[in-house]
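Presented below is the structure to which this report refers.
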Number of protein chains: 2
Amino acid sequence: MKLTGYQQNFILHFGEMGSRWGINRTVGQLYALLFISEDPVNADQMAEGLSMSRSNVSMGLKELQSWQLVKLQHIPGDRKDYFKAPDDIWLIFQTLAEQRRQREIDPTITMLRGALLEPVPVSAPDDPDRYARQRMGDMLELIEMLTGWFAEVQQLDRSTLEKLMRLGGGVRRVLDVSHKFRRDGVVEADKTGEG
Amino acid sequence: MKLTGYQQNFILHFGEMGSRWGINRTVGQLYALLFISEDPVNADQMAEGLSMSRSNVSMGLKELQSWQLVKLQHIPGDRKDYFKAPDDIWLIFQTLAEQRRQREIDPTITMLRGALLEPVPVSAPDDPDRYARQRMGDMLELIEMLTGWFAEVQQLDRSTLEKLMRLGGGVRRVLDVSHKFRRDGVVEADKTGEG
DNA sequence: CTGAATTTTCAGGAAAAAATGAAAATACTA
DNA sequence: TAGTATTTTCATTTTTTCCTGAAAATTCAG
């Protein structure tokens, strides 16, 4: 597994960014390598190409598999496991976003719901947790709105999604007009009229 | 600075999640404390309430200020610095998203642009970097589409934004109809018609 | 200016995370 | 099923990150 300087540059960058992305250098480098490799790669090749121990590759691959970011393949006549990143970069992005939601947001939603479910002792006017409760409620509301939106948008087909993206801020104009066509009251007419 | 069990629960959670969010425990706890505190808090109070050293608080606050997530205030007759999280939780979210973009995505955009600018040696059919170039181009295209979209949507006023969120996947229906009103060719008519 | 109050810096120790090599486990072939 | 190829596990070492206390720097009242 020989890597060109061009490829190494990309791989090193992903390794360094790893810490900011909540993954370690190894995992970042492994994924970068898979991402730019047209053919599937086996663990020995990765260890050699990235100059790291075989066991480190094994742990890194395990991590990547738990993120569902790699596909396992087999090559006829070869007993080794070969790995590949999905061809579809949109799919990679969606998987990444979905996994980060599960790891970074869901636990907080659970905590907030639990805390807000606790009954207020006597709802005394001097409740020391009054403000905390309110803030936690605000936070939960925002997170639920955002994650709910994301979940729905994730269902959209590729072309609709790209259309929405390219529309950008122009979505405001479309939204302004949309109340004329609403069917089920989801859309509220906007009377602020700054357009 | 006395904290109730209710408040401590929230603060501890943020501390533990910190590592997943790319901040350390201290910073997570500090922000959680500020977030649920109605009145501004000074550094000594934080150190006491969170049982950590005064110097640790100082470093944590420096970090939070670099994220522009705290507001500095002064209380008449008191020389200490007091800190507060913004009241507006939408603003907090936007700041967070903006800062993460700068730290986690912008460096990669820069790297990709630089790499893709490099001229292909002789465009030989056996260019070993052919596939890597293509993949990096695909990645840059997706990232630019997403960040560009995000930048535009960030400009929208609060009520339009909430409207878009609550619309969720229903945006497809609105998009379908929008081509009737397009002004500048950004919107492509969709003939797949699965509605 | 002086000195007290307050905040910041930073070297060094503590804790956490990552990486390694050896051994164990697993999977497969003959 | 014996033997080999391959992968995984895990105790240990290495590296990185975090936290602290002491000292330095800054701010401000008198």
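Per chain, numbering begins at 1; letters A, B, ... match sequence-line order. Only this structure's heavy atoms are used, side chains among them; waters, hydrogens and symmetry mates stay out.
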Taking only heavy atoms on the protein side, list every residue of residues 12-25 of chain B lying under 4.0 Å from any atom of DNA chain D, sorted numerically.
B:Asn24, B:Arg25

Tell me every residue that passes side chain to side chain donor-acceptor pair (under 3.5 Å) with B:Gln94, counting only those two or more places apart in sequence or in another chain.
none

Indicate yes or no: does A:Asp127 engage A:Arg133 in a salt bridge with an N to O separation below 4.0 Å.
yes

Mind checking what makes salt bridge (Lys or Arg N to Asp or Glu O under 4.0 Å) contact with A:Asp88, not counting sequence neighbours?
A:Arg158

Can you check the A:Asp78 CG to C:dT29 P distance for me, whole Å?
11 Å

Which residues share a salt bridge (Lys or Arg N to Asp or Glu O under 4.0 Å) with A:Glu38, sequence neighbours left out
B:Arg130

NA contact type, A:Asp44, heavy-atom cut-off 4.0 Å: base, sugar-phosphate, or nothing?
nothing

To the nearest angstrom, how far is A:Lys80 atom NZ from C:dC28 atom C1'?
13 Å

Residues two or more places apart in sequence or in another chain: which of them pass side chain to side chain donor-acceptor pair (under 3.5 Å) with B:Asn24?
none

The criterion is side chain to side chain donor-acceptor pair (under 3.5 Å); which residues satisfy it with A:Arg113, sequence neighbours excluded?
A:Glu144

Please collect all ring-ring contact (aromatic ring centres under 6.0 Å, His included) contacts where either partner lies in residues 135-163 of chain B, sequence neighbours excluded, each pair once.
A:Trp149-B:Trp149

Strand-adjacent residues in residues 51-74 of chain B, judged by heavy atoms under 4.0 Å from DNA chain D
B:Met52, B:Ser53, B:Ser55, B:Asn56, B:Met59

Sorted by chain and number, sequence neighbours left out, side chain to side chain donor-acceptor pair (under 3.5 Å) with A:Lys80 holds for none

Below 3.5 Å is the cut-off: list the nitrogen or oxygen pairs between protein and nucleotides 24-30 of chain D, distance only.
| from | atom 1 | to | atom 2 | distance (Å) |
| --- | --- | --- | --- | --- |
| D:dT27 | O2 | B:Arg79 | NH2 | 2.8 |

Members besides B:Ile75 in its Ile/Leu/Val/Met/Phe/Trp/Tyr cluster (side-chain heavy atoms under 4.5 Å)
B:Tyr82

Would you mind listing every ring-ring contact (aromatic ring centres under 6.0 Å, His included) that reaches into residues 13-47 of chain B, with sequence neighbours excluded?
B:Phe10-B:Phe14, B:Phe14-B:Trp21

